[in-house]
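Only one structure is covered here, and it is reproduced in the block below.
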Amino acid sequence: MKYTQLGRTGLKVSRLVLGTMNFGPQTDEADSHAIMDAALDAGINFFDTANVYGWGENKGRTEEIIGNWFAKSAAHRDKVVLATKVYGNMAADGETWPNHDKLSALNIRRAVDASLKRLQTDHIDVYQFHHVDRRTPFEEIWQAIDVLVQQGKILYVGSSNFPGYKIAQANEIAARRGGTIGLVSEQCLYNLAERRAEMEVIPAAQEYGLGVIPWSPLHGGLLGGVIKKEVEGGRRASGRAADALANTTIRAQIQAYEDLLDKHGVEPGEAALAWLLTRPGVTGPIVGPRTAEQLESAIRAAELELSEELLTGLDEVFPGPGPSPEAFAW
């Protein structure tokens, strides 16, 4: 496994990030633990989760599964760079009680302590804002974070789903406060089929020294060989991928993508991950395996070298917006 620095920090993380959103809803605890064991054995040291994972009445369950895995061995926690998130409503299901969501100082304090308890650890390595909170000023947010850093409960802070201007705003306010390192990572939707992040988010992240952590690298399965699987009688597309394939233009684009990769003898899902690893500013994509086999495929992708001919072909099938600001300025 290859490693890189997380943005401008001294923190070394693997170039694949283990996403855990399926742990609980899709994958039971025993299989989730087996996947984490296999990821660690393969050298993946960056694990990502969120307090709301498990969803609905089971929100928090994913953190509990990870916490139970940490409890099995002190070496597990020692080797893992742990990232979780705050923003979603964690009040009892069905309740809309105030201050149980978003980024107020009160909710950040409450959410950190609850996550630490579920995760069975004394600190979170990268604490991420899951979304922009338009009502809470960054002065309040950073004041709350400063306290948690001083208490040793968190080490670094990242964002998720932030537009470029919010990355700039957050880090400019952090710089004015002094003593606050600010955001060190941004977790955004970015893949071959969805390249809008190249317009503003990734340039802002690079300018401010944030590592970019793409989520949904296969775009909900659309880039994982979905048409080929249909033809071969395998798992049919569902959710976002099925909706996209209903559009004849998108279906033709995905067919061209799969044909290109078939010509080069490369698996679609592995190519999509490998492509992200070639992109400027990308620390590593989040892979969210439901099974051990899916994890093995992702690990192969981390070692895959894409030829210049193939990279050019991928750009032709999925053209990006172009350099910023030229792409939108003229």
Side-chain angles (χ1 to χ4, degrees), residues 5-14 17-21 23-24 32 36 39-40 44-54 59-90 100-131 133 136 140-162 170 174 179-187 210-211 213 215 283-284 286 288:
Q5 308 299 127
L6 180 63
R8 66 189 185 281
T9 75
L11 186 65
K12 284 188 176 181
V13 294
S14 52
V17 183
L18 181 68
T20 62
M21 188 168 65
F23 294 177
S32 297
M36 287 187 279
L40 206 59
I44 297 174
N45 77 331
F46 198 3
F47 288 18
D48 176 76
T49 191
N51 59 354
V52 294
Y53 290 172
K59 55 195 171 188
R61 177 60 183 144
T62 303
E63 286 188 333
E64 289 175 351
I65 288 172
I66 296 169
N68 291 340
W69 182 74
F70 284 150
K72 287 183 174 182
S73 169
H76 288 167
R77 183 65 189 95
D78 183 58
K79 292 180 178 180
V80 166
V81 174
L82 174 64
T84 192
K85 308 183 194 75
V86 56
Y87 182 87
N89 194 312
M90 292 299 289
H100 281 73
D101 63 357
K102 299 189 172 64
L103 302 179
S104 69
L106 175 57
N107 188 55
I108 287 174
R109 175 181 176 179
R110 173 187 289 119
V112 164
D113 287 342
S115 284
L116 290 172
K117 183 177 180 180
R118 287 188 293 266
L119 289 162
Q120 299 188 52
T121 185
D122 63 355
H123 75 283
I124 294 160
D125 299 304
V126 186
Y127 199 51
Q128 302 163 113
F129 308 137
H130 211 160
H131 204 283
D133 183 349
T136 306
E140 176 182 344
I141 293 169
W142 287 128
Q143 183 180 50
I145 292 300
D146 287 347
V147 171
L148 294 174
V149 171
Q150 291 162 8
Q151 292 174 338
K153 293 181 179 180
I154 63 174
L155 301 181
Y156 303 93
V157 179
S159 57
S160 182
N161 306 306
F162 271 35
T180 299
I181 192 172
L183 301 174
V184 302
S185 62
E186 160 59 19
Q187 194 176 122
L210 278 66
I213 307 169
W215 60 266
T283 298
I286 297 174

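Hydrogens, waters and symmetry mates play no part in the numbers below; they use all other heavy atoms, side chains included. Every value quoted in this text rests on a predicted model; they were computed, and no experiment measured them. Numbers here simply count residues along the sequence, with the first being 1.
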- Distance (rounded to the nearest 0.5 Å) between Ile44 CD1 and Lys79 NZ: 13.5 Å
- Note on the structure: By salt bridge (charged side-chain N to carboxylate O under 4.0 Å, His left out), Lys59 pairs with (sequence neighbours left out) none
- May I have all residue pairs that pass side chain to side chain donor-acceptor pair (under 3.5 Å) and include part of residues 101-110, sequence neighbours excluded? none
- Note on the structure: Hits for salt bridge (charged side-chain N to carboxylate O under 4.0 Å, His left out) against Arg118, two or more places apart or cross-chain, chain-then-number order -> Glu63
- Item | Contacts of type side chain to side chain donor-acceptor pair (under 3.5 Å), residue Ser160, not counting sequence neighbours | none
- Tell me, please, which residues at least two apart from Gln120 pass side chain to side chain donor-acceptor pair (under 3.5 Å). Asn68
- Item | Spacing of Ser32 atom OG and Glu64 atom CD [to the nearest 0.5 Å] | 12.5 Å
- Message: Restricting to non-hydrogen atoms, name the atom on His130 and the atom on Tyr87 that form the minimum distance, rounded to 0.1 Å.
- Response: CB-CB, 3.5 Å
- Item | side chain to side chain contact (heavy atoms under 4.5 Å, CB included) between Met36 and Phe23, intermediate numbers included | CA-CA 10 Å; Met36 287 187 279; Phe23 294 177; 3.7 Å; yes
- Heavy atoms of Val86 and Ala111 approach each other most closely as CG2-CB, 3.6 Å
Under 3.5 Å donor-acceptor pairs involving side-chain atoms of residues 46-53, not counting sequence neighbours:
{"residue": "Asp48", "atom": "OD1", "partner": "Lys85", "partner atom": "NZ", "Å": "3.3"}
{"residue": "Asp48", "atom": "OD1", "partner": "Gln128", "partner atom": "NE2", "Å": "3.0"}
{"residue": "Asp48", "atom": "OD1", "partner": "Gln187", "partner atom": "NE2", "Å": "3.1"}
{"residue": "Asp48", "atom": "OD2", "partner": "Lys85", "partner atom": "NZ", "Å": "2.8"}
{"residue": "Thr49", "atom": "OG1", "partner": "Thr20", "partner atom": "OG1", "Å": "3.0"}
{"residue": "Tyr53", "atom": "OH", "partner": "Lys85", "partner atom": "NZ", "Å": "3.1"}

- Message: When you measure from the side chain of Ser14 to the backbone of Asn45, do you find a donor-acceptor pair of N or O atoms at a distance under 3.5 Å?
- Response: yes
- Message: Contact between Ile213 and Leu6 at the side-chain level, heavy atoms closer than 4.5 Å - yes or no?
- Response: yes
- Look up atom NZ in Lys153 and atom CG in Leu148, then write down how far apart they are to the nearest 0.5 Å. 6.5 Å
- Test ring pair (Phe, Tyr, Trp, His ring centres under 6.0 Å) applied to His123 - qualifying residues, sequence neighbours left out: none
- State the CG-CG distance between Leu155 and Leu11, to the nearest 0.5 angstrom. 8.0 Å
- Item | Which atom of Asp133 lies closest to which atom of Leu103, heavy atoms considered | OD2-N, 2.9 Å
- Task: Only counting residues at least two apart or in another chain, list the ones meeting side chain to side chain donor-acceptor pair (under 3.5 Å) with Ser185.
- Result: none
- Query: Among all residues two or more places apart in sequence or in another chain, which pass the ring pair (Phe, Tyr, Trp, His ring centres under 6.0 Å) test with His76?
  - Reply: Trp69
- Not counting sequence neighbours, which residues clear salt bridge (charged side-chain N to carboxylate O under 4.0 Å, His left out) with Asp125? List them please. Arg77
- Ile145 CD1 to Tyr156 OH distance, which is reported to the nearest 0.5 Å: 14.5 Å
- What is the minimum heavy-atom distance between Gly19 and Ile286, and which atoms define it? CA-CG2, 3.5 Å
- Note on the structure: Residues passing the side chain to side chain donor-acceptor pair (under 3.5 Å) test with Asp146, sequence neighbours excluded, are Arg177, Thr180
- Message: Tell me every residue that passes ring pair (Phe, Tyr, Trp, His ring centres under 6.0 Å) with Phe70, counting only those two or more places apart in sequence or in another chain.
- Response: none
- Task: First locate atom CG of Leu82, then atom CD1 of Ile154, and finally report the distance between them rounded to the nearest 0.5 Å.
- Result: 12.0 Å
- Query: If every non-hydrogen atom of Leu18 is compared with every non-hydrogen atom of Ala39, which pair is closest and at what distance?
  - Reply: CD2-CB, 4.0 Å
